[in-house]
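From a predicted model like this one, the values you see are computed outputs, not experimental measurements. The chains referred to below are lettered A, B, ... by the order of the sequence lines, with proteins before strands, and numbering in each begins at 1.
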Amino acid sequence: MENNFISKKISSWYLQHKRDLPWRNTQNPYYIWLSEIILQQTRVVQGMPYYYKFIEAFPTVQDLANADENEVLRLWQGLGYYSRARNLHKTAKMVLENYAGEFPNTYQELLKLKGVGTYTAAAIASFAFGEKVAVLDGNVYRVLSRIFGESTDISSNEAKKVFMQLAESILPDQDAATHNQAIMEFGALQCTPSSPNCMFCPLAMDCVANAKGQVAALPVKSKKVKVKERFFHYFIIEQNGNFAMRKRVGKDVWEGMYDFYLNESDENIQELSYLALEDKFLEKILENSLIKRESSIYTHILTHQKIQTKFWHLVINNNFPLHLPTELDWYSLNEVDDLPKSTLVNNYLSSFVFE
DNA sequence: CACGCGTGGCC
DNA sequence: TGGCCAAGCGT
């Protein structure tokens, strides 16, 4: 490519302004993979402590593969998008079983790993193995849309082809790794989503959006999220110093994380007696317990959901032979602490001390 | 393939 | 304040 002045300017800017991030000082594919999974949809400052925790707890991919899923999820607790942690663990096992413990070293092979899509495969292939493949992430979409004045909706299916073509048009033959790092860092620090400082931009004179006064309008992104309201009543069931919890399964939020007995309604119902009408188990435990604590309403905001929750701490009479539903099991206080839990549950638990 | 999946920071 | 975003992926 002869119009590589764009790549050269961005890479030059990168060498002057790049942050010193730990995963940039290694070519170990395990560390690079780990950092890329952590950073999916996640800010560097938010992911950084998790990166350090993981490499300390699991220095090698073998260590990660040999861990229990709960242990991995517990370490991931608080970072969100927990399928990343479950897939991280699955992939570590795959690397051990299918690749003899050696990370696959090409874009095409990397794509076969769980949780590794086109972006992450390109990132690992270029950073760890020097393969000439272009990364296409949120930063790259933004930088390219502005430089080239490309207004294709980045939420559309067509965008992936259009922008990949642009990305490849400025991908240099040599050192794709530095180029890829550079364009992402350029998007993160210079060509920012809102109010970029184009006065100091080395590409100001080359940028179509800047010339047309379209910087704020690009990239075009149409997708809007619809927020669904949900109403939870969590019942912390305690008997003889043990607590009933379950591992969440299915397609709902927080799959794999542990929580308490949940009564969910479409409407904002406050009366326990009303809830118990439709919930025989709840009716039974209410008849045989004391309400030790009734929390205030916790409003938990997720990307697609707004969940209003009240927590009820019930102490079941010691002599009542309570038979738990199959999904629930008893855990000691220390075990409760060790289990992976959502931030909503942890917010409640950390708001007071069990006595 | 459009949608669901977390959390925290920003204005 | 509420909406938007931040190194996407699986289904």
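For DNA chain B, no neighbouring residue in residues 124-139 of chain A is found when judged by any heavy atom under 4.0 Å. Across residues 40-48 of chain A, A:Gln41, A:Thr42, A:Arg43, A:Gln46 each have a non-hydrogen atom less than 4.0 Å from an atom of DNA chain B (numbered order).
Taking the P atom of each, B:dC11 and C:dA7 are spaced 16 Å apart, rounded to whole Å. With both ends at atom C1', the span from C:dT1 to C:dC5 equals 16 Å, rounded to whole Å.
Going from atom NZ of A:Lys306 over to atom C1' of C:dG3 covers 12 Å, rounded to whole Å.
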Inset, instruction - Let me see the working for A:Tyr261 and A:Asp279 under side chain to side chain donor-acceptor pair (under 3.5 Å), right down to the final yes or no. - result: CA-CA 11 Å; A:Tyr261 182 72; A:Asp279 186 333; 2.8 Å; yes
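Along DNA chain B, the nucleotide closest to A:Ser342 and the one closest to A:Ser155 are compared, and the more 5′ of them pairs with A:Ser155.
Here the two rings, on A:Phe186 and A:Tyr14, have centers that are 6.0 Å apart or farther.
Once you apply a 4.0 Å limit to the heavy atoms of chain A, the touched nucleotides of DNA chain B run 5' to 3' over B:dC1 to B:dG8.
A:Ile301 comes within 4.0 angstrom of a nucleotide base, judged by non-hydrogen atoms across all strands. Among the heavy atoms of the strands, none lies under 4.0 Å from A:Gly187.
No hydrogens or angles considered: a donor-acceptor pair under 3.5 Å links the side chains of A:Asp259 and A:Tyr234.
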